[in-house]
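Notes follow once the structure below has been shown.
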Protein chains: 2
Amino acid sequence: MAGSGKAAHSHDHQHCIREALTSAERVCAERGARLTPLRKRVLELIWDSHEAIKAYELLESLGALGESTKPPTVYRALEFLLEQGLIHRIESENAYVGCRHPEEAHDYQLLICDGCRHVEEVEVPGVGAALKDQASQLGFRVHQKTVEIHGLCAQCVANPR
Amino acid sequence: MAGSGKAAHSHDHQHCIREALTSAERVCAERGARLTPLRKRVLELIWDSHEAIKAYELLESLGALGESTKPPTVYRALEFLLEQGLIHRIESENAYVGCRHPEEAHDYQLLICDGCRHVEEVEVPGVGAALKDQASQLGFRVHQKTVEIHGLCAQCVANPR
DNA sequence: CGGGGTGTGTTACATTGTAACGAAATACGG
DNA sequence: CCGTATTTCGTTACAATGTAACACACCCCG
Ligand SMILES: [Zn+2]
Ligand SMILES: [Zn+2]
Ligand SMILES: [Zn+2]
Ligand SMILES: [Zn+2]
């Protein structure tokens, strides 16, 4: 078992990408939101992996594709994708990651590996409701919940670099 | 009821400040950590209110007190205060707030009012454990949890500006 | 007194994010 | 199809947030 070494995160990622893009097309069509070529390219770049990606990394990648390369370009695309719930912002990293369930609003929590930057989106039963209930008891009206767990994923625990 | 208008957040804040500072002195003394004049001044500035305060606001206030006024000064003080658990960083705001329970490690969640910037630190029973358990099941080793709830506090819901 | 460690001052820079304005593309009523 | 309103995009310029690196001061201890 010592050197087995293959990626615990390994999976058919082309499938993830296809699914993310077709979901995006669908929800935007349903809502009359315009998933323009630029926005779609940014979404594709974000879905290039399950890792957190930063705005300026996206900017650089866009440049390599012959696109504009000015910050507002990518920030506007990110703003659109966030509004449509197609991506999530990772506040503690100033970074972004594709959303796994863009079809509908949902509570979610992010497990962020500080070893490999892999981000896992989970919904721990009860957590969202417990936070909401506590807030309500205090008369607090919730607009947004940010739950980000940092640490090491199973792969990085087993295989520290 | 229309114009009753007194602060729901009102309380003896001098008491909060005194308690925060004496706690800080105590925990630092116990640990052999040095709460220098500069670090203490920064902590006082943070405890000036229960609102989130930004590094450059602290910098400005320090300047008004005749202190240095260069970013590293305040960022180093913040780093120390964070390490000692005397303050919490609000990732979604790039801001800081005093910790209510600096004596020991604890799970916490922050209720951040987008109306008045008031920040309430709570510990919803079970939430920390639920997150930890879910992570463990996935083989994820937790280092840090960030839970930040944005919205409107009771006061701002009742009295929208 | 002489080092070694810690804290602070300072310069310079890196990273992250926005305001503002005009041009282009698109949607839409007629 | 045409004219007009709206949205999106390109571009400049800048604001806000955060750090690396190095010099110096201070303090403790031998
Ligand atoms: Zn995948
Ligand atoms: Zn999601
Ligand atoms: Zn108080
Ligand atoms: Zn706390």
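Each chain gets a letter, A, B and so on, in the order the sequences are listed, and its residues count up from 1.
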Using only side-chain N and O atoms of [X], determine if any of them is under 4.0 Å from OP1 or OP2 of [N].
{"X": "B/Thr36", "N": "C/dT8", "answer": "yes"}
{"X": "A/Lys54", "N": "C/dT16", "answer": "yes"}
{"X": "B/Asn94", "N": "C/dT16", "answer": "no"}
{"X": "A/Thr73", "N": "D/dT11", "answer": "no"}

A/Pro72 or A/Glu57, whichever maps to the more 5' nucleotide of DNA chain C: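 It is A/Glu57 whose nearest nucleotide is closer to the 5' end.
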Closest-nucleotide ordering on DNA chain C, the 5'-leading residue of A/Tyr75 and B/Lys70: B/Lys70
Given atom [atom1] of [X] and atom [atom2] of [N], what is their separation to the nearest angstrom?
{"X": "A/Leu78", "N": "D/dC9", "atom1": "CG", "atom2": "C1'", "answer": "15 Å"}
{"X": "B/Leu38", "N": "D/dA25", "atom1": "CG", "atom2": "P", "answer": "18 Å"}
{"X": "A/Leu59", "N": "D/dG10", "atom1": "CG", "atom2": "P", "answer": "11 Å"}
{"X": "A/Gln84", "N": "D/dT7", "atom1": "CD", "atom2": "P", "answer": "14 Å"}
{"X": "B/Tyr56", "N": "D/dT19", "atom1": "OH", "atom2": "C1'", "answer": "10 Å"}
{"X": "B/Ile90", "N": "D/dG18", "atom1": "CD1", "atom2": "P", "answer": "12 Å"}
{"X": "A/Arg41", "N": "D/dT8", "atom1": "CZ", "atom2": "P", "answer": "16 Å"}
{"X": "A/Leu58", "N": "C/dG17", "atom1": "CG", "atom2": "P", "answer": "11 Å"}

Parallel, tilted or perpendicular: ring planes of B/Tyr75 versus B/Tyr56, cut at 30 and 60 degrees: perpendicular
Whether B/Tyr108 and B/His106 hold their rings parallel, tilted or perpendicular, with breakpoints at 30° and 60°: tilted
Any donor-acceptor N/O pair under 3.5 Å between C/dG9 base and B/Arg76 side chain: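 Counting by modelled atom types and ignoring angles, a donor-acceptor contact under 3.5 Å is found here.
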Charged N-O contact under 4.0 Å between B/Arg117 and B/Glu57: yes
Check ion pair A/Lys40-A/Glu25 (N to O, under 4.0 angstrom): yes
Sugar-phosphate, base or nothing in reach of A/Arg39, heavy atoms under 4.0 Å: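 It contacts sugar-phosphate atoms only.
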Touch class at under 4.0 angstrom, heavy-atom based, for B/Arg89 against every strand present: sugar-phosphate
Proximity to the side chain of A/Pro71 - top-ranked nucleotide from D/dG18, C/dT16, C/dT18: C/dT18
Residue A/Arg34, side-chain heavy atoms: nucleotide from D/dG18, C/dT26, C/dG17 that is nearest: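 Among the listed nucleotides, the one closest to the side chain of A/Arg34 is C/dT26.
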Sidechain-backbone polar pair: A/His88 side chain, A/Gln109 backbone, donor-acceptor under 3.5 Å: no
